[in-house]
Asks: 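Have a look at this one.
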Amino acid sequence: NAAATTRRRADPDDVDDDDARRPAARKDDDASAAAAAASVVASRQNPTPDDTKPSKDPPQDPRDLFDPQEHTEYGGDVVKWGQTFLVDSARACHDACVAHAGDQPAGCNVWVFCPNPSGCGSEYGPHRACWLKHQPRPDNPVGPSDATNPWTSGTLAARADTRGERGAHKRFHVVVTTNANVYQAWQVRVMYYWFLNQKAAQDPETGQMGGFTRVLHDRPDALVDEIPTCVVDRLDNEYGFVVLSRPNAFRQFFEKCPEIEEDYVLMAEPDHLYLRPLDNLMSDARTPAAFPFFYINPKNYPKLVRRFAGETLTDAEIEAMDPIGSSPVFLHKDDLRKIAPIWHDVTLKIKQDPEADKEWGWVLEMYGYTIAAKIAGLRHDLRPKLAAQPPWDKSIGDFYILHFTYGNDYDLDGKFTPGKIGKWRFDKRAWMSSIPPKNLEPPPEGCDNELVKRLVEMVNEASAALPNWEDPLGRRAKRESVGG
């Protein structure tokens, strides 16, 4: 189960053999280890020209950057296996990371510690387990963070401010792409309902939620009168992969749709529900901000990446590529105008390439976007709090978007049953050719997932409020009229 990887400790099946067998450097926290760690920090605080926001601050001693984040589980390549590496405290785990910062081929720059006396949820998380890891951007580390997460994590770099700029000057326009089938119709209706709800709740002067456009890459449907819609052309040949029309739709957004007044865009999908008024999470005027996906790993496919992004790319440049898809993403509209045609062309080439199509499958459009970003010279800041993905995330916390892409399965006692169809379940794919009934049953009483409960509540509220819920595209009424 690919999704389960987000909650599983890295094990020998999840990492390269070289990572699992990498010899540990000596643990002495001596001057040479500190110097190596300082070099790691310096490389991040004095970035290459590819970085968009170079820092002028001098590098800090990593031993002084002990800033543990509770309920957080940073990912990354394993430098030292934590299942049997037990230390007494989070501080000791941090210090061990400092000592291993100079390991080759990639030293430690993030660490994960289990402070819970009863362990951290699996065989890979005994009490006092200390996992030493490497991420390409330790100043913007990624990994699950949730009130129910038992782990504590830290980084050897000063963490970047991920809150974004406030103020009406950063107002954004939501752009979502769909076709005209029932499956996407009911999702985008619920999405737009909650967009309006949260926009009404924001500060009228400083709130940053602006307009909303559904870019419909299909023939006009009944929702054009309910949701602001721009109709564009569908690809003549989608090669059996409807998502191929998504980059083409964004390309046409600037050719066929009315000009938007906002300077910024939030690229979205129909299965996004807004949990609170959204903030624009871009930290400056032109650096995009995006949600990182654990399964987008360009460095795992260097040959394919070079095939589409350029044969001269170094391993380090590929490792530093954005682990993102095309949504959710905040960016300046001029940058979207720049990247959209590149994204369209690259994605089409990937689909037409048998090897790339086989390797990347249903996420090839996402790889198309991150490769296009590299070609266009756009590097995205990473914003893990932008979207929650139940059932793997459990608490609403500080999340902005509920992304209901995964199935949610529980037994009748409310116990989560990953990998097994539950007696109670919510999976959007159950309604690919129909509409979810009104007043869906909530999860069983024992379910401890706040986000799953909220998901059902949000769908139920929207279905109760929206007209013609059972027939959003008017097809039933049309059949009855013809039959009459």
Side-chain angles (χ1 to χ4, degrees), residues 1-15 71 73 75 83 112 114 116 118-126 129 143-151 182-184 186-187 190 243 269-273 275 291 293-297 325 360-363 366 384 387-397 399 401-460 463:
N1 188 318
T5 308
T6 63
R7 284 293 176 266
R8 204 168 58 205
R9 289 308 83 242
D11 60 30
D13 292 328
D14 295 325
V15 297
H71 308 298
E73 184 182 358
Q83 187 177 6
V112 183
C114 179
N116 192 336
S118 59
C120 289
S122 77
E123 62 181 302
Y124 302 107
S145 183
D146 182 284
T148 63
N149 194 308
W151 295 85
V182 169
Y183 178 56
Q184 294 203 331
W186 70 259
Q187 292 180 58
V190 178
V243 183
E269 295 181 19
D271 57 357
H272 292 179
L273 303 183
L275 295 165
F291 178 78
F293 289 92
F294 75 92
Y295 48 80
I296 302 298
N297 291 298
W360 290 336
W362 65 274
V363 297
M366 300 172 73
Q389 300 191 110
W392 312 108
D393 294 306
K394 298 177 68 175
S395 301
I396 293 175
F399 287 117
I401 296 170
L402 193 161
H403 182 202
F404 59 100
T405 187
Y406 295 114
N408 301 272
D409 293 279
Y410 294 83
D411 67 20
L412 295 181
D413 294 322
K415 182 180 178 181
F416 181 40
T417 60
K420 178 182 177 182
I421 300 298
K423 295 293 185 180
W424 182 96
R425 75 185 319 242
F426 181 102
D427 186 341
K428 66 179 185 178
R429 295 161 191 82
W431 300 289
M432 293 189 72
S433 58
S434 61
I435 306 297
K438 291 185 175 183
N439 196 27
L440 291 166
E441 287 291 327
E445 187 173 343
C447 173
D448 64 352
N449 192 307
E450 183 181 21
L451 283 162
V452 174
K453 295 176 184 177
R454 185 63 183 141
L455 168 59
V456 176
E457 292 171 354
M458 295 177 85
V459 173
N460 281 344
S463 67

Asks: Only one of Lys428, Gln187, Gln184 clears side-chain hydrogen bond (donor to acceptor under 3.5 Å, both in side chains) with Asp271; which?
Replies: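 Per the side-chain hydrogen bond (donor to acceptor under 3.5 Å, both in side chains) rule, the option paired with Asp271 is Lys428, out of Lys428, Gln187, Gln184.
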Asks: Would you be so kind as to tabulate the donor-acceptor pairs closer than 3.5 Å made by side chains of residues 447-454, with sequence neighbours excluded?
Replies:
from	atom 1	to	atom 2	distance (Å)
Asp448	OD1	Lys394	NZ	3.4
Asp448	OD2	Lys394	NZ	2.9
Asn449	OD1	Leu451	N	2.9
Asn449	OD1	Val452	N	2.9
Asn449	ND2	Pro391	O	3.1
Asn449	ND2	Asp393	O	3.1
Glu450	OE1	Ile396	N	3.1
Lys453	NZ	Cys447	O	3.0
Arg454	NH1	Glu457	OE1	3.2

Asks: Hey, are the side chains of Phe426 and Val459 touching, using non-hydrogen atoms and a 4.5 Å cut-off?
Replies: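 Yes; the side chains approach each other to less than 4.5 Å.
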Asks: Contact between Gln389 and Phe291 at the side-chain level, heavy atoms closer than 4.5 Å - yes or no?
Replies: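 Gln389 reaches Phe291 side chain to side chain.
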Asks: Assign the ring pair Trp362 / Tyr295 to parallel, tilted or perpendicular, where the plane angle (0 to 90°) is split at 30° and 60°.
Replies: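 Judged by the thresholds at 30° and 60°, the geometry between Trp362 and Tyr295 is tilted.
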Asks: Within the distance-only criterion (no hydrogens, no angle test), does the side chain of Ser122 pair as donor or acceptor with the backbone N or O of Tyr124 below 3.5 angstrom?
Replies: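 Confirmed, Ser122 side chain pairs with Tyr124 backbone.
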Asks: Do the side chain of His71 and the main chain of Ser145 share a donor and acceptor less than 3.5 angstrom apart?
Replies: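 Checking the backbone N and O of Ser145 against the side chain of His71, no donor-acceptor pair under 3.5 Å is found.
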Asks: If we ignore hydrogens and angles and just use 3.5 Å, is the side chain of Gln83 paired with the main-chain N or O of Glu123 as donor and acceptor?
Replies: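 Answer holds: yes.
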Asks: For Cys114 and Pro126, which heavy atoms make the closest approach, and how far apart are they?
Replies: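 Closest heavy-atom pair between Cys114 and Pro126: CB-O, 3.4 Å.
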Asks: Mind listing the side-chain donor-acceptor pairs of residues 429-443 below 3.5 Å, one per line with the distance, residues two or more places apart or on another chain?
Replies:
from	atom 1	to	atom 2	distance (Å)
Arg429	NH1	Thr405	O	2.8
Arg429	NH1	Asp427	OD1	3.0
Arg429	NH2	Thr405	O	2.8

Asks: If I take atom CG from residue Asp146 and atom CH2 from residue Trp151, how far apart are they, to the nearest 0.5 angstrom?
Replies: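 The CH2 atom of Trp151 is 15.0 Å from CG of Asp146, to the nearest 0.5 Å.
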Asks: Considering only heavy atoms from C-beta outward, does the side chain of Trp392 approach that of Pro418 to under 4.5 Å?
Replies: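 Yes, their side chains come closer than 4.5 Å.
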Asks: So, do Val456 and Trp424 sit near enough that their side-chain heavy atoms are less than 4.5 Å apart?
Replies: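 Val456 reaches Trp424 side chain to side chain.
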Asks: Any salt bridge linking Lys423 with Asp411? Criterion: basic side-chain nitrogen under 4.0 Å from a carboxylate oxygen.
Replies: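 Salt bridge between Lys423 and Asp411, a charged N being under 4.0 Å from a carboxylate O: no.
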